Amino acid sequence: MIILDYETRSKVDLPASGLHVYASDFSTDIICLFMYDTDDDTSCGFLMPKCMPMVWRMKLKAATLVGAMNAAFDREIHDLIGVPDYSFPEIPDYKWYCIAAQCRVNALPSNLDDAARAAKVPNKKSQRGKQLIKLLSIPQEDGTFMESLDLRKEMLEYCKSDVIATVDLWRATRSMTQVEHNDWLINERMNTRGVKIDRDLALAATKYAAAEQSEIGAKLTALTDGLITKPTQYQRIKEYILGSMEDDENDRKLLKLMTTHKNDHKKLSLDRDIRESIITSIDADNLHLFEDVEDLIRLLHDASASSVAKFGKMLTMADPEDDRVRGAFIHAGAAQTHRFSSKGLQLHNMKRNCYDSEEAIAMKEVMMRNEPVPDVMQSLSKLLRPALVPDKGNKYVVGDWSAIEARALPWLSGDVRAERKLNMFRRGIDVYIEAAKDLGLGERQVGKVAELALGYGGAVGAFASMAKNYGVIKPDYEVKKIVVSWRNANPWAATFWHSLESAAKKAVRARGTKSFKAGKVVYTFAPNLLGGTLICVLPDGTGIQYPFCSIEHSDRGDNLVCLKAGIKPKAGDTSKHHWGVVRLWGGLLSENVTQAFCAALLRDKLRDCDWLDLPVVAHVHDEIILETAEIYAYRDKKLLKEVMESVPEYAQGLPLKADPIILDRYGNH
DNA sequence: TGCGGCGGCGCC
DNA sequence: AAAGGGCGCCGCCGCA
C-alpha cells in the first residue's frame, strides 16, 4: 500500500462547502504531497509544482491500494487536480482505502490526532500544523495566498509527520476486511451521486427565516430591555429568569421544572420539553409567572427551530452545477456500532414532521410571491425534507423497515421464549396492543412506549423519557409496575442482557483462547490488538470491537470497561485511563448488538442495491432512498421491497417488512 | 480573533 | 445496584 497525504489551498471554505465543491473549485491547488510505501518503508515528499519522481510515479501506478486518512479527500484532490493539472498517474476508485474508516471499525476516533492519542501511537503536536494551514491554505485578507517557500517546506514536514502517524495507526489497528472495504467503496459511490436540493425553495426559506429571526430578536430586545437579543442566548435567558425570581412558591415550582440531572449533578435547562411542561403548568393554572417571563418562554417556544439553519447549509454545500450535495455519509461513522453517520448536510436528523410534496409546492409559491407565512419557523422546519428533490425526470423510491430493532433484538436473543414476539411480527399482529395487554392495560400508546423504551435494560427513567415523546403520563409507582410487567412478559430480554455481559466477561478472562456465545452473537478477545480488544461477532460474520477492554474489580463486583471513542480526555490528562471509558453492562451490549446487526443488514442490502444498479442516494439507518428514472420507479419500488424483505441465510427466522413508496420530494411516510 | 466546551435541536 | 444509546450541527460563551 502507498499511504499518502495531500496538503492543499483554496478560496473555498472546506467545512462550509464540503469536499466536492472544494476540490472542484478552480482556486483549489496542491501545496504538497507526501507518500509512504508500506512494502519497503521508503517515502517521498515534494512541493508542487515540481514533478513527481519517476520511481514514485511507477510505485503509485503499481500500488495494490492507496491509503489515506479520509481517503475521499485525497482521492478527489488527486482526481480533480493531481491527474489533470500535474499528470499524476490515474488511480482507479477501487484502489483507494480509507485509514480513518479503518480506525472507526476498530472503534477508534476518526481524526488523526485523536486516533493516534487513543491508540497510543506517537504523533507530534499538531498545533503548528493548524497554524500552517491558516497561513498557507486559506486566503489572506486581500484574497491572495501567502507565497513562502520556507513555510511550504515546513508544511511538507508537517505533512510527512502526519503520514508517519497514519502509517503507525494503520499498523496498530486491524485492516478493514474485503467486505468492509467494499462497503466503504459502495458508500463512496453513493456520496459521489449526491442528493439534489431545491435551491429556490432553500433560498426562499433562508430569506423568511432571517426576517423572522430579526423580528423575534426585536421582540426579545423590547421585552427584556436589551438584555436578550436572540432566542439562542440560553445563558442570558436563564439569568434573566433567575433574576426575576423572589423565591415564592411559583418560583420554586418553576425552578423545579427547570432542574435536570446530568452526570449526577443538577443543572438548569430551558429546552423544549421543559418549556412545554412550564407552558402546560401555566395553562392549567398551576403556575403563575410575571408577564414578561411568561412572554419570554412562549416567545422562545415559537422561535426555536434551529433546524432551519440546514437550508443555509444546503445552499453552501450544493454543487452550483447541478444543485447536488455530495459526501454526506460516513461509513461506520458510529465507531461503537458501525452504523453510518452523516456529516456536512446532516441527513440523519431531518425533522420528521413535514409537508408532503403538494403542500411544499404551495408553500414555495407563497414564499415566491412574498406573501406572509403563519408560524414561520415551525412552517419552515416542515419544508426541510421536501427541500430534497429528485432530478428532473426522476422519482424517489423510499423504503423503510418496519420496527427493525424491535424485531432484531428478540431474534438476536435466540431464546425460544422470544418466538412469541417474533410470531406477532410474522403474522402482522399489532405488538403494541399485545404489549399493552401484557401490562394489564388497554392503552396502545403505553404498550408502544414500553416496547420502545424497555428493550435495552432501561427502567423507569427510560420509560419516562420515551413517554414524554408520546404524551403518555403515568405516576412513578405505576411506571415501576409497568417495567416489572414488561420484563415478566418478555423474559428473554433480561436473560439476553445477562448472558451478553457474562459471555463478554468470560471472553476477556479467556484472553483469546476461547469464544463465548450469547444468543446469536459470539464474543472473543484479541489480546494483542489495541490494549486488548473484545470482539463481538455478529450473525453475518462481521464484528464490532471494544478496544482497551478490561475487567476492573470493585467491592460491588467486576466491571467490564473499554475505551469509548466519543469521550475525549482533556489535553494533558494523565489519569489512569488515557482515554474516556465506558462500562459495558448488559443493557448497553444488547443495544450495541442490535444497532450493529441492523447496520450490518443495511450494508448487506446496499450491496444488493449496488449489484442491481438501484441508485441509492441516501439512507437513514432503517430506510433506503433511491433516486430513479420515473419510467423505472414502479419496477424499482418492487425491487427495493424484494431486496429489503429477503432474509439472508445468516438471518433465518428474522421477520423483515418494508413497503417502499414513490415520492416527488423527500418526506415522512 | 479563534477555538473548544456546552447547551440545545433533531433523528433512528 | 442501577442504568437509554448511537450520531452531528448550530450558536453562544469564556478562555487563550
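Throughout, protein chains are lettered first and strands after them, A, B, ... in sequence-line order, and every chain is numbered starting at 1. These figures come from a predicted structure and were not determined experimentally.
Judged by ring centres under 5.5 Å apart and planes tilted less than 30 degrees, Y234(A) fails to stack against the six-membered base ring of dG8(B).
An OP1 or OP2 oxygen of dG8(C) is reached within less than 4.0 angstrom by no side-chain nitrogen or oxygen of S342(A). S269(A) has a side-chain polar atom (N or O) that falls below the 4.0 Å cut-off from OP1 or OP2 of dG8(B). Close to dG2(B), at under 4.0 Å from its OP1 or OP2, lies no side-chain N or O of Q131(A). Distances shown here put every side-chain N or O of K313(A) at or beyond 4.0 Å from the OP1 or OP2 atom of dG11(C). At dC13(C), one or more side-chain N or O atoms of R236(A) fall inside 4.0 Å of OP1 or OP2 (strictly under the cut-off). A sub-4.0 Å separation between OP1 or OP2 of dC12(B) and a side-chain N or O of R352(A) is present. Listed pair K310(A) / dC10(C) fails the phosphate criterion, with no side-chain N or O lying under 4.0 Å from OP1 or OP2. Using a 4.0 Å cut-off, no side-chain N or O of R583(A) falls inside it from OP1 or OP2 of dA1(C).
Checked by atom type and distance alone, the side chain of K657(A) never pairs as donor or acceptor with a backbone atom of S402(A) at under 3.5 Å.
Residue-level contact check: A596(A) touches neither bases nor backbone, having no heavy atom under 4.0 Å from any strand. When heavy atoms are screened at a 4.0 angstrom cut-off, Q346(A) is found touching base atoms of the nucleic acid. Counting non-hydrogen atoms under 4.0 angstrom, L454(A) reaches nothing in the nucleic acid.
Side-chain contact between K474(A) and V446(A) is present, with at least one heavy-atom pair separated by less than 4.5 Å.
The nucleotide whose nearest atom lies closest to any side-chain atom of A309(A) is, among dC10(C), dG6(C), dG8(C), dC10(C).
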